[in-house]
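Structure first, commentary second.
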4 protein chains.
Amino acid sequence: MYPDTPPHLLLPLWPMDQVGIVAKLSECIASRGGNILGVDIFVPEKKNVFYSRSEFVFDPVKWPREQMDEDFLNLSKVFGASTSVVRVADIDPKFKIGIVSSKQDHCLVDLLYRWQEGRLPVDITCVISNHERGPNTHVLRFLQRNKIPYHYLHTTKENKREGEILELVLDTDFLVLARYMQIVSGHFLRTYGKDVINIHHGLLPSFKGGNPSKQAFNAGVKLIGATSHFVTEELDSGPIIEQMVERVSHRDNLLSFVQKSENLERQCLAKAIGSYCELRVLPYEENRTVVF
Amino acid sequence: MYPDTPPHLLLPLWPMDQVGIVAKLSECIASRGGNILGVDIFVPEKKNVFYSRSEFVFDPVKWPREQMDEDFLNLSKVFGASTSVVRVADIDPKFKIGIVSSKQDHCLVDLLYRWQEGRLPVDITCVISNHERGPNTHVLRFLQRNKIPYHYLHTTKENKREGEILELVLDTDFLVLARYMQIVSGHFLRTYGKDVINIHHGLLPSFKGGNPSKQAFNAGVKLIGATSHFVTEELDSGPIIEQMVERVSHRDNLLSFVQKSENLERQCLAKAIGSYCELRVLPYEENRTVVF
Amino acid sequence: MYPDTPPHLLLPLWPMDQVGIVAKLSECIASRGGNILGVDIFVPEKKNVFYSRSEFVFDPVKWPREQMDEDFLNLSKVFGASTSVVRVADIDPKFKIGIVSSKQDHCLVDLLYRWQEGRLPVDITCVISNHERGPNTHVLRFLQRNKIPYHYLHTTKENKREGEILELVLDTDFLVLARYMQIVSGHFLRTYGKDVINIHHGLLPSFKGGNPSKQAFNAGVKLIGATSHFVTEELDSGPIIEQMVERVSHRDNLLSFVQKSENLERQCLAKAIGSYCELRVLPYEENRTVVF
Amino acid sequence: MYPDTPPHLLLPLWPMDQVGIVAKLSECIASRGGNILGVDIFVPEKKNVFYSRSEFVFDPVKWPREQMDEDFLNLSKVFGASTSVVRVADIDPKFKIGIVSSKQDHCLVDLLYRWQEGRLPVDITCVISNHERGPNTHVLRFLQRNKIPYHYLHTTKENKREGEILELVLDTDFLVLARYMQIVSGHFLRTYGKDVINIHHGLLPSFKGGNPSKQAFNAGVKLIGATSHFVTEELDSGPIIEQMVERVSHRDNLLSFVQKSENLERQCLAKAIGSYCELRVLPYEENRTVVF
């Protein structure tokens, strides 16, 4: 009924700056018979850097995947690019993620449902929680049916079990904190060395820290929000990926603030993960993101 | 072409709490032959207060305006109401406002345009500014053509000319700070004794104080906002009346942040004033508003 | 952590018109010691009808549920009300619904997930489909685990199996068509005699009939939408309950139109059902709804 | 305070298709010392065309404006481009527009206000109306003060004065119909030969033709909208440039439908003109637009 294969994607990110880079990139793709569908370029004002994201179709027979990697590596060397990421949606393996959660299920469950319906383009390596769940809970039965390992790690103020978590997610491409109610340490972040995406149940930078719904309610705001961001050492201050808001009024109480907030969190986190997997998200400068 | 007379409005606000108040209110209106079109009631959880706003049609011959005032006054006495405000849109005079501004014109000009087009239901007593404008500026010619007094009051850190402002706005029903870049003192607020509405060019409670666009830009937010609120002694912390947001991205620079913000400010301030004039806005608890 | 019991709700709808009805209603509730939290009244211009919805708290010991029914019945008689519906969320049984679907799962699955998470306040009597699903599909395993009967009824142009459907949903309070790709007959609607809610994957009244996403795509719209509405004999023309839109651009193709549309359909249908269950929805005039 | 000069813009549109065009374009700009800030490329699926829009900074001394034109003309010849439009915001003259209106002022007045505030990047050649306005109306005094010619042309069913309008707008770059209540003929469009932008007070393709607010009201919609589109011979069916919606409810009557609609029309038309002037808008296929 509908075209069911999206075009092949190739998404190189080129954080660098040099006259002629688009020219060279286009030339390279054209020389292999590829066809550019879209290019997104962003050059911050007065900055000496250059970000781009391209999509194109190509013939994998004429341009084998390994050759493509080599071509782009060569190109990136020419321009002194610090990174070049290429993903071909139908050929490359999916990103592997670990989901870390606490007691509240709504984001975790939403991610699992989306994954089951094929709307979350990742492989879930494992789900880790510092809240114990009985074997008959929806979440555990879901994970069991779908053969996704579940690890319960009791955390205390003194022992956040970060070493064990690190071992469990060794093989992942990035981490998702789905309402994980622990602050992860700088040591954890540096050791993991890959991106960690968090969902904050408030409209950052307002309402950092605990219970942002209550903070928002007390502040009498007319818009409530949620924020998905990269985790950095400073609490709730990492680069923002996505934010969403919904209108509230005097008719809302704390409960409905929480419910509206949870609804936003689900959508906001899923959107951020989706953008990330399509290589649309790129941190830049100390605290910002480019989201193509 | 379209029905051009809106229904007569009567809008009593009853901040009090007593079983049976709606019953008595309805009875009173019905006994005078009035017909309720809508009632909005709000009773905060676990609070001993009661807010309502009613709209109804009535026959001014059968129920003279003075009689209506007397009726509602009697009713409010029965229930110990702290306030009862009644306005009949087509009979009562418009609210008189003073607009206080600084250098930036966009909110002031927008209010003047809306006023001229009949979309701002107020009479403008005067425009006060601490920024000097030449006689040939749009603003001054507009004010002159429309016979709205303009007062330039040079302010310094030491002398905010608050006494003079107070004299000029003595006869107003409420004040609008249309991007007035001075903090008004508690003494001013207490002496004026009526409501002062401000437009803040940020999404409060984030970005209080100066240059919120720059603050927002540096924070890398994905949503930029504006906030209209009542002025209290604490800077940018009064009860919020209206908030609006718009999406921003890495493509936006500080200038476009400012432009989007200004666009939101215009709409947000006008909306807040409109709601206020229709008696939809009521501060409640220390820092919140009911906006019916 | 949060107040987990919402206030008791009582939601009478009073389609009638008479001076003093709010007075009597308030009096009645007050006389039983109840406390009104909110009243929403709507009186269409120049129409002789009156709609209202109230929420209040009460003590079930002092005001037994049966007594309440009797009180409101008496009141409705006094005013000649055509209907009076009362629901007390924590006491009355949930609405029983039947879900009728075809091949496409996304709305059905979304409703099931919401139901499982306690975000859809209904009991699901059965799921009926004219599309055969294998026993190992997600849907069937979900239904089996949760002991929800599933009925596959093969339909043809000549035989829509409406008799059998009617028997299966005899005991339901309303029906939900979750992307059911059959036109239900006037006979079916009249025999069922209760409300049927449909989700239309287009922004009605544009794009009636088949493949609205393709229609919208071809029309080059910049906003794509979904519509939840009551089913009437005329195709896609029943009273609209809820509509949602999302922005599209030239970057969207038919596939992404469909995906955005499906996302809107899920939210739109769930919102409509939620509003319906809270007695917020009331058809009025030939083709409109009041949604309090 | 803020960077007050936006970067120089160069915006070529290249509706064509050929491997290597981005390469050549980038090369050309780089060879003149220019620096690309952003490129937006769009290649419709399975279509043999290619659209792009670029922004870059350059040194007008090193790359004179005439040379730039020549360079791009040469490039477009190489690729057989059907059009190549280049505009440099700070150097090229503004677009000249004619505004054609009828009785209703709101869109006309909004455009004039935005123009006066420097938020509409055009020169207004003239305002034409088929509705007579007195010399003391706001509109006429505004136009007089700002030395914008105003032409009243009485139209009848038999004589739409199209010949005279054509003469008056001979020197314009495009036309804006600001709620002009006449259907312009195919002959007019072909003779004028340039773009004509219309604002339709409904959410096309719903509610074509007259009184769309009433149509929408009668249809009981929950979202009301406005549409800006190019004018073609077929009534209200030209390619859509921008659409906006706002929520409505049973509380809205025809009057408030109209007011909300008018508010959307103002914003929607101004947004469309702004996009057009920045060369973001490009009709493609029979009935769609690319809006970069």
Side-chain angles (χ1 to χ4, degrees), chain C residues 40-47 51 202-208 215-230 236-256 268 271-272 275 280-292, chain D residues 40-47 51 202-208 215-230 236-256 268 271-272 275 280-292:
Chain C
D40 238 323
I41 289 171
F42 173 58
V43 180
E45 282 178 60
K46 296 165 195 170
K47 294 286 146 69
Y51 303 98
L203 193 64
L204 294 177
S206 280
F207 316 128
K208 291 183 182 180
Q215 288 183 55
F217 183 70
N218 289 337
V221 297
K222 298 299 182 190
L223 294 169
I224 196 169
T227 308
S228 181
H229 65 101
F230 288 115
D236 295 338
S237 295
I240 293 170
I241 304 169
E242 177 66 67
Q243 297 192 292
M244 294 182 178
V245 287
E246 194 178 333
R247 211 156 265 280
V248 287
S249 80
H250 58 279
R251 297 240 172 254
D252 287 284
N253 54 24
L254 191 47
L255 178 65
S256 69
C268 195
K271 178 97 183 282
S275 297
R280 296 182 179 280
V281 185
L282 196 61
Y284 93 99
E285 296 183 357
E286 70 235 75
N287 208 30
R288 278 199 281 246
T289 55
V290 173
V291 181
F292 281 122
Chain D
D40 239 323
I41 290 171
F42 173 59
V43 180
E45 282 178 59
K46 295 166 195 167
K47 294 285 147 72
Y51 302 99
L203 193 64
L204 293 178
S206 280
F207 317 127
K208 292 183 182 180
Q215 289 184 55
F217 183 69
N218 289 337
V221 297
K222 297 299 182 189
L223 294 169
I224 197 170
T227 307
S228 182
H229 65 101
F230 288 114
D236 295 338
S237 296
I240 294 170
I241 303 169
E242 178 65 68
Q243 297 192 293
M244 293 182 179
V245 288
E246 194 178 332
R247 213 155 265 280
V248 288
S249 80
H250 58 279
R251 298 239 173 253
D252 288 285
N253 54 24
L254 191 47
L255 178 65
S256 69
C268 196
K271 178 96 184 282
S275 297
R280 297 182 178 280
V281 184
L282 196 61
Y284 93 97
E285 294 183 1
E286 70 237 73
N287 209 28
R288 278 199 281 248
T289 55
V290 172
V291 182
F292 280 122

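Every chain is numbered from 1 and lettered A, B, ... according to where its sequence line falls, protein lines coming before strand lines.
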Study note, to complete from the structure: Between D:Thr289 and C:Lys222, the two heavy atoms sitting closest are OG1-NZ, 2.9 Å
Is [X] in contact with chain C via its backbone, its side chain, both, or neither, using a 4.5 Å heavy-atom distance?
X	value
D:Phe217	both
D:Pro239	neither
D:Glu242	both

Point to revise | OG on C:Ser249 to CZ on D:Phe292, rounded to 0.5 Å | key: 9.5 Å
Check your understanding: Going by heavy atoms in the side chains, are D:Arg288 and C:Asn218 under 4.5 Å from each other?
Key -> yes
Check your understanding: Does D:Val221 reach the side chain of C:Pro205, with side-chain heavy atoms less than 4.5 Å apart?
Key -> yes
Practice item. For chain D, find which of C:Ile241, C:Val290, C:Thr227, C:Asn287 contributes the most heavy-atom pairs closer than 4.5 angstrom. Key: C:Val290
